[in-house]
Structures are given as structure tokens and as C-alpha cells.
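Each ligand, and each atom within it, is numbered from 1 in the order the structure gives. As the structure is a computational prediction, the values presented were derived from the model and not from experiment.
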Amino acid sequence: MTTVFSNSVVDDNTRRELLYQGQVFVYSATPASALLAAFARELIAEAFGERDPETAQFDMPVEEFAELLAGLKPRFIHHPRCKELLPAVLKELGCDLDRTYFDVPRLRTSTSHDYLTSGISYAFHPHRDCWYSAPFNQLNWWIPVYEVVPENVMAFHPQYFGSPVRNGSARYDYAKWNRTSRVTAAQHVRGDTRDQPRPEEAVVLDPQVRVVPEPGGVMVFSGAQLHSTVPNTSGRTRFSIDFRTVHIDDVRTRRGARNVDAECTGTTLRDFVRSSDLDPMPEELALEYEAEALTRVG
Ligand SMILES: [Fe+2]
């Protein structure tokens, strides 16, 4: 059973326990998450100029659209304003900033009617972030920038939370991916040839859960959830912000979701910085996680 908690008042420790069991949390926009979404809209408007960003795809050659995103997305990701707003969001939602680490927020798009589904606007097939070297205590935070509808959000496939899916994660190593494939994202306009971990058996996509938060609303879920980008049939490009967190106590004690099927090596832990002062994740933890990942290669 998957439960979606709306504006729950449980503390962060209890919330993490429930998230590690596959539950989902959703919150109304907080002051800081509303500001974060507004800041994204500001950068998007700057990039799109006169055009309506949600429908610009219908008037632009796809190459030009991809190029625009290739400029816009890194501008958002690395903007110092995000590093102020993101910890503020976490604080307002009950996280201990001294123990919660985050990685950079991404700006994502999902275009309508398969206009651009590769490279810089990749439409994610069903996957767990844990197939991509994420730790099992990773939590994903997802915030729509504009109004969203069931036809342009993301979906969970909760029946797989505790059940394995045959997948290609054994061929994935995070360090190797960073060295080779990631930098080429913007070049993949007509198709994506990069070998990503994906299901290697038929996945039953229904029943599925789609959560539709308000703009600036915040959804939180475990990185071990099987989730995907829904085929966007809404007639509008969806813009959303997502980022990941880990709690250092859980990283140290290996508390998190159960690994049912990930066989990747490497770890994304080095991407996380402490919310209170942007200090990096202690290197010894990343080394321990890397060593442990090597033992799960099937
Ligand atoms: Fe994901």
C-alpha cells in the first residue's frame, strides 16, 4: 500500500522512516518553495523572452529549443540564489540543516507530444535512482514551477517498491558516467544513445500514482521508488525543480530503503553538501559506500 501524506506534521525522523517504506509526502508551497519556483520562472522568462515557455515548443525548431534549455538549465542549477533558497525550503519543512545534505537542484522539462524527449529534456523511463548509484537513504524532492496536470507530471509504480525488476544497473558506474556520458546531454536531440540503467523485463505500469502539487508545492519520495516521466499529452511543456537529500545519521548507520535490485557501482554521495554551510560530504563515507557497492555486483 502506498500512502500519500498531505501537509503532514510528523517530524523529519518519522517522515524519513515512512519514506524509506515507500510512502510519499506532499506539502503546499512554503514561503521559500514559492520563492524557488518564482525564481525559476524568472530565469525561464528571461530565456524565452516574448514566448510563452509552456507553449513555445510549438513555434520553435527542436534544435533551437534544445539549445535554449542547454543555456537555461545550468544557469539555474549553479545559481547562488538556489543555494540560499533550497536550505530555506528544507528548514521550513522540518529538516535539521546541520545533518541534512543536498545536491544541486535541477530544472527539468517534459515537452508535450514527444517533441523533445532525449538529451537535455530526457523523458525518464521507469527507474529507481538507486540504479544510478544513489544511496538507499536518498530522498527526492519535486516542485512544479507552473500549474501541472496528471498528463504532464511523473508517476510512481508502487507495486515494485518491494519487488525486484530485472534491470541494467550492473553496467552503471557513477564515476564512469560522469567522465563520459553526462557532458554530452545537449547533443542528444533526435535520440539518446547513452546506455542508462533501464528495466530489462516488461514493467506493469498500472496501477500507478500521480501526484499533482500546486506550483511551488513540494513532493517528497524515496529514491528507491520506481518512477517515470508520464507521456506528456497535456499540450504544455512541464517545468519542474527537483533535488535530492540525505540525512548524515542515516548515511552513517545505513538506514534507508531496502535494496531489491540495484547492482550499480560507485556512489553519488560526493554530490551532497551540508545544508547549513555547504560543507562537502565526508570523503570516508563516499569511500565506504563505493567499497560496499562493489560487493553487490551480481
Ligand atoms: Fe529519478
Between the side chains of T233 and H113, is a donor N or O closer than 3.5 angstrom to an acceptor N or O? no

Close side-chain approach of Q196 and Y132, heavy atoms under 4.5 Å: yes

Just to be careful: counting only protein atoms that are N, O or S, how many fall under 2.8 Å of the Fe ion (ligand 1)? 3

In this structure, are over 12 heavy atoms from other groups packed under 6.0 Å from E290 atom CD? yes

Remaining members of hydrophobic cluster (4.5 Å side-chain criterion), L269: Y101, V246, I248, V251, F272, M281, L285, Y289

Passes ring pair (Phe, Tyr, Trp, His ring centres under 6.0 Å), H227 versus H127? Steps please. CA-CA 6 Å; H227 58 285; H127 70 281; 4.2 Å; yes

Compute whether any side-chain donor of one residue and acceptor of the other, for S28 and N7, lie under 3.5 angstrom apart. yes

